[in-house]
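Contents: one structure, followed by commentary.
These numbers were taken from a predicted model, which means no experiment stands behind them. In listed order, ligands and their atoms are each counted from 1. Heads up: numbering here begins at 1 and tracks the sequence.
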Amino acid sequence: MLSIRPIPLLADNYGWLLQDETGFTAFVDPAEEGPTAAAIEAAGGRLDMILLTHHHADHVAGADALRARFGAKVAGNVADAHRLPRLDQPVRPGGRLEVGRNAAEVIDTPGHTRGHIAYFFASGPVALVGDTIFSLGCGRLIEGTAEEMFASLRRLAALPGESLVCCGHEYTLANARFALSLRPDDAALKRRAEEAKRSRASGEPTVPTRLEEECRLNPFLVAPNAAEFARIRALKDRF
Ligand code: ZN
Ligand code: FE
């Protein structure tokens with residue numbers, strides 16, 4: 001069994017703490033050292049691996065210090081090795097990564113950045129998607145085209161519907177406002193927005209969500225083609 005939970009970092013980032021039944025521990029996207037190390041100490045004080053989704057500082061800044069402190073091996077996309085922290089386990093999109101007893105498929109998800117990757121554990125099923133999908137939203141197109149990002153979203157949407165979607169930020173309330181501006185009468189969307197409000201009011205994360213729910217409610221996953229995706233992305237950029 002793979003257990004996974006979000007660790008709030010910086011203002012609105014999430015790192016993800018993964019542990020199997022043997023105590024093998026991995027951490028995805030350590031934005032900063034202090035709160036990440038505190039979460040690891042509370043979970044048994046062991047950190048075997050660090051998984052990176054993309055090179056932005058709010059996903060990697062704690063990696064070097066955590067490697068030194070816990071002896072963790074750092075995994076990330078070899079294509080971005082020049083701008084990631086030092087990689088002990090370079091991975092390639094389309095490849096696999098052993099994470100203790102579990103294995104992750106490395107999925108190519110360019111769009112937010114050129115070298116962005118996601119990690120999918122079929123044994124969860126769990127998808128660690130970085131800044132590609134957020135609950136009810138998607139990452140901004142900083143280095144990629146709408147076509148690339150749309151293709152990345154379709155690749156993730158093809159994973160099993162029950163997969164937990166573990167994203168890099170707590171953006172759900174703002175994303176819900178935008179999604180409701182497109183579909184103001186969507187009852188399921190309204191319910192999701194209310195649920196997210198209650199979670200935030202009690203200090204709880206709104207993620208992870210299930211992929212099948214995102215495929216129904218997330219406007220960027222509902223978009224039927226790249227042109228419609230591009231139109232909605234442009235609207236969101238100005239929202
Ligand atoms: Zn980013
Ligand atoms: Fe980010």
Side-chain angles (χ1 to χ4, degrees), residues 4-18 26-36 39 50-66 74-85 87 91 93 104 106-120 126-153 155-156 164-178 196 200 205-209 214 218-221 229-230 232-234 236-237 239:
I4 183 152
R5 64 192 169 86
I7 306 298
L9 301 173
L10 302 176
D12 55 28
N13 276 79
Y14 287 122
W16 293 88
L17 184 71
L18 281 144
F27 198 92
V28 183
D29 285 356
E32 52 179 338
E33 180 189 4
T36 305
I50 295 169
L51 276 55
L52 304 174
T53 61
H54 67 294
H55 73 282
H56 288 157
D58 65 315
H59 297 257
V60 307
D64 286 331
L66 290 161
V74 179
N77 189 349
V78 65
D80 263 356
H82 60 287
R83 56 182 184 173
L84 286 168
L87 298 179
V91 299
V106 180
I107 301 174
D108 201 15
T109 51
H112 178 65
T113 68
R114 216 174 305 291
H116 196 295
I117 53 176
Y119 299 90
F120 173 65
V126 167
L128 296 134
V129 300
D131 287 357
T132 301
I133 296 177
F134 302 120
S135 183
L136 305 180
C138 80
R140 286 191 299 127
L141 305 180
I142 296 176
E143 296 180 353
T145 64
E147 286 73 19
E148 284 169 326
M149 185 59 133
F150 182 72
S152 295
L153 293 180
R155 229 168 273 138
L156 294 173
L164 290 176
V165 178
C166 303
C167 61
H169 290 269
E170 179 58 68
Y171 288 160
T172 311
L173 294 185
N175 288 341
R177 281 193 293 279
F178 175 70
R200 294 313 291 151
T206 63
V207 295
T209 54
E214 294 302 326
N218 185 320
F220 301 99
L221 286 165
F229 168 81
I232 297 172
R233 186 60 256 179
K236 176 69 164 67
D237 289 342
F239 187 71

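At a threshold of 4.5 Å between non-hydrogen side-chain atoms, the residues L52 and P30 count as touching. At least one side-chain heavy atom of W16 sits less than 4.5 Å from a side-chain heavy atom of V207.
Listed by chain and residue number, D80, E143 satisfy the salt bridge (charged side-chain N to carboxylate O under 4.0 Å, His left out) test with R83 (two or more places apart in sequence, or in another chain). With sequence neighbours left out, the ring pair (Phe, Tyr, Trp, His ring centres under 6.0 Å) criterion links F220 to F229.
The aromatic rings of Y171 and H169 lie parallel to each other, their planes meeting at an angle below 30°, with 60° marking the opposite boundary.
Formation of a donor-acceptor pair under 3.5 Å by the E170 side chain with backbone atoms of Y14 is not found in this model. Side-chain atoms of N218 come within 3.5 Å of backbone atoms of F134 as a donor-acceptor pair (strictly under, hydrogens ignored).
Here 4 is the count of protein N, O or S atoms positioned under 2.8 Å from the Zn ion (ligand 1), waters not counted.
Between the side chains of H116 and S152, no donor-acceptor pair is found at a separation under 3.5 Å.
Across all non-hydrogen atoms, the minimal contact from T145 to E148 is N-OE1, 2.8 Å.
Neighbouring protein atoms of the Fe ion (ligand 2) (N, O or S, distance under 2.8 Å, waters ignored): D58 OD2, H59 NE2, D131 OD2, H169 NE2.
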